[in-house]
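Structure first, then comments.
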Amino acid sequence: DFLAGGDGGPPGVAVTALPLVSSADDHARCEGAVKGWADSAGEGDNGGDKLNLKDLLFFLHIPRTGGRTYFHCFLKKLYTNAQECPRSYDKLRFDPSHPDCTLVVSHDDYSLTSKLPRERTSVVTILRNPVDRVFSTYEFSVEVAARFLVHPNLTSAKTMTSRVLTKSRAVSTLDIWPWKYLVPWMREDLFSRRDARGNDSVPSSKKINAYDVEDMVMPLHQYINDPVAHEIIHNGATFQITGLTNNSYFDGAHEVRHCVRKHPDLGRFVLQVAKNRLDRMLYVGLTEDHEESARLFAHMVGAQVLSQSGALKLDVQEDQPSGTDSHSSMLDPEDEETNEHMNSTHGWKNNEALNTTEDDHGKGNMTVGKLMETYEGCIAKLRKSQSSRRRISLKKVAEANFTKATRRHVPEAILNQIISLNSLDMELYEHAKKIFKQEHLMLKGQHPMVVQQKQSADQIVRSSSYEGTRDILFGKSITKQCVYNLPNKRKYAHISHHHRRVYIV
């Protein structure tokens, strides 16, 4: 799909020419390829018990969903550096059988599971409204690429990039899919427009629409119609969850993806695989409902990680809001997303708020409530650095002032085009919202606090009075659980003897 660029530059998009065949014959060929892949993609994908955290957690990070915040403000607090699989973001290079490697956080698509012990791996992800995600992808491409405009010319920028990446062992934005393609593409375009202006100090003509400042930045309407956007951005969430991106480990990904693009009616097979995989994930969050998503993540994932590590304090205390307004410390989705891959003004060194070596894992007894407090404090630190970073990055293209308010000036025709180009993602997002609602109802009804140790569960049972059983809806199945009256707590515990879990409601 991608070939090396010239002058030592980054890879570029290569347009593959398909054999000339009749439309009917080509559709039949494509239908066979897509259906064959869909049938094989479902094999061995039963998922087992999706509610139990397995030995390895794979955070499938869809770009521009706020997942980087989860990585730094949740997962870095739950896992030690030694437990995190090395080089997660720039292609996996580790032995998945290594017992100490229990966390993978990556932009790699679902095909990465072919390199993992699938029966011992739990997958989690976050989805976002596809229109907002396209906007954010465009904005972040401009923001990172604009940092290079401090250099006198494109050659100088490329030379600096090569030197820094050679000397530094750290993973930069340019190492990470899809930015290793999108940022160089936007960077070259920015330099081309700067050269065309002839004078870097001449401001662009004043325009209301920040997404159409064509003498400075590639306009949004041009961006979404470029072959690069079709190859990487549109329906990106669907292709990432199905393992069909241009970064896939599956050799046939290119053929299936291009068949779906050429014959949209075949997208239904890919979409069904994506929905099935979301159904089997341990957790599915939504960027737009970031506060509730974080709370669900803390209970559905964080509690189990703490329990398995022995750091979870067994109590029935609910996570009460802190003295300050929790919403004020939580980032707006637009603010949260822009904290991904926080870099210096030159884009290479990690932001101090993120680049911490302190290991908070296992310090004393941890409750879900304390985990949420830690998360909110972490986000508050990120918020302080986000605004200045973006302002400095966009200094040379100041009229590309991307905000929620400026998005409203984008013509409705372009918005409708984005929706049309991302029809698979639009439907997948609606499915994710249904899953999210189920997660919310399950948490609201049970408020789970997981206790893996058999002894802890038995101790609660012995100190409680039995009151009967009730049926609980877990996903699509009904589980019968015992109900006990907890002394002195005036609450009920629902004990699943099969999984040795304790749920506090």
Side-chain angles (χ1 to χ4, degrees), residues 62-66 126-146 178 182 185-186 189-190 193 203-240 260-265 267-268 270-271 274-275 286-290 293 331-338 340 390 394 397-434 436-437:
I62 298 172
R64 311 315 295 156
T65 59
I126 304 173
L127 272 76
R128 184 178 190 179
N129 182 295
V131 176
D132 289 333
R133 201 175 76 82
V134 170
F135 269 101
S136 181
T137 303
Y138 170 76
E139 294 164 1
F140 191 69
S141 298
V142 173
E143 178 182 339
V144 178
L182 299 180
W185 169 45
M186 181 61 73
D189 183 85
L190 286 176
R193 293 174 193 272
S204 171
S205 58
K206 295 292 183 180
K207 288 191 175 182
I208 296 178
N209 185 0
Y211 297 87
D212 189 17
V213 192
E214 60 184 356
D215 54 341
M216 281 194 167
V217 179
M218 181 190 305
L220 176 64
H221 66 82
Q222 179 180 337
Y223 183 85
I224 64 174
N225 285 292
D226 194 278
V228 176
H230 284 278
E231 184 71 0
I232 297 176
I233 300 171
H234 300 316
N235 291 316
T238 301
F239 288 133
Q240 197 168 347
V260 170
R261 281 179 51 195
K262 193 172 184 180
H263 305 286
D265 63 299
R268 66 185 187 278
V270 175
L271 184 62
K275 289 180 178 180
L286 299 177
T287 305
E288 283 73 21
D289 203 342
H290 59 281
S293 289
L331 286 177
D332 175 271
E334 178 178 291
D335 294 327
E336 181 177 344
E337 82 205 10
T338 53
E340 294 188 25
R390 170 173 277 199
L394 297 176
V397 288
E399 292 193 20
N401 182 28
F402 304 131
T403 65
K404 282 184 175 180
T406 56
R407 286 185 187 182
R408 299 190 187 103
H409 295 293
V410 174
E412 187 175 354
I414 294 179
L415 298 179
N416 291 335
Q417 187 180 17
I418 293 175
I419 292 173
S420 176
L421 290 170
N422 291 273
S423 58
L424 297 180
D425 274 10
M426 294 297 295
E427 188 169 343
L428 185 65
Y429 181 68
E430 291 302 313
H431 187 72
K433 289 198 291 187
K434 294 177 183 177
F436 184 78
K437 184 176 181 179

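The residues of the chain are indexed from 1 along the displayed sequence.
Residues passing the salt bridge (Lys or Arg N to Asp or Glu O under 4.0 Å) test with K434, sequence neighbours excluded: none. Shown here are the side chain to side chain contact (heavy atoms under 4.5 Å, CB included) partners of N401, two or more places apart in sequence or in another chain: T403. Scored by the ring pair (Phe, Tyr, Trp, His ring centres under 6.0 Å) test, Y223 finds Y138, W185 as partners (sequence neighbours excluded). Contacts of H234 classified as ring pair (Phe, Tyr, Trp, His ring centres under 6.0 Å), with partners at least two apart in sequence or in another chain: H230. For H221, the ring pair (Phe, Tyr, Trp, His ring centres under 6.0 Å) criterion is met by no residue, not counting sequence neighbours.
Residues E139 and R64 fail the side-chain proximity criterion, which asks for heavy atoms closer than 4.5 Å. Y429 places a side-chain heavy atom less than 4.5 Å from the side chain of E288. Side-chain contact check for P411 versus N209: some heavy-atom pair is nearer than 4.5 Å. Residues N129 and T287 fail the side-chain proximity criterion, which asks for heavy atoms closer than 4.5 Å. Between L182 and I233, the closest side-chain pair of non-hydrogen atoms falls below 4.5 Å. With contacts defined as side-chain heavy-atom distances shorter than 4.5 Å, the pair V142/F402 qualifies. The shortest side-chain heavy-atom distance between V397 and V213 does not fall under the 4.5 Å cut-off. Residues I126 and I62 fail the side-chain proximity criterion, which asks for heavy atoms closer than 4.5 Å.
Taking OG1 of T65 as the reference point, atom CD of Q240 lies at 8.5 Å (rounded to 0.5 Å). The distance from atom OG1 of T406 to atom CZ of F135, rounded to the nearest 0.5 Å, is 8.5 Å. How far CD1 of I418 is from CG of D132: 9.5 Å, rounded to the nearest 0.5 Å. The distance from the CD atom of E399 to the CG atom of D215 is 7.5 Å, given to the nearest 0.5 Å. To the nearest 0.5 angstrom, I414 atom CD1 is 11.5 Å from L421 atom CG. Atoms CZ and CG, from R407 and L415 in turn, are 10.5 Å apart once rounded to the nearest 0.5 Å.
Closest heavy-atom contact between P130 and N422: CB-CB, 4.2 Å. Looking at every heavy atom in both residues, L424 comes nearest to N235 through N-OD1, 3.0 Å.
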Please assess S136 against R128 for the test side-chain contact (heavy atoms from CB on, under 4.5 Å), listing each intermediate value before the final yes or no. CA-CA 10 Å; S136 181; R128 184 178 190 179; 3.3 Å; yes
Could you give me the CA-CA distance, side-chain angles and deciding distance for H431 and L127, then say whether side-chain contact (heavy atoms from CB on, under 4.5 Å) is met? CA-CA 10 Å; H431 187 72; L127 272 76; over 6 Å; no
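The only member of L190, L394, D212 that meets side-chain contact (heavy atoms from CB on, under 4.5 Å) when paired with V217 is L190.
A salt bridge between E214 and R193 is absent, with no side-chain N of the basic residue lying under 4.0 Å from a carboxylate O of the acidic one. One finds a salt bridge joining K275 and E427 here, because a Lys/Arg side-chain nitrogen approaches an Asp/Glu carboxylate oxygen to under 4.0 Å. Look at D289 and K433 and you find no salt bridge, because none of the NZ, NE, NH1 or NH2 atoms lies under 4.0 Å from a carboxylate O.
Listed by first then second residue, pairs satisfying salt bridge (Lys or Arg N to Asp or Glu O under 4.0 Å) with a partner in residues 410-426 read R133-D425, not counting sequence neighbours.
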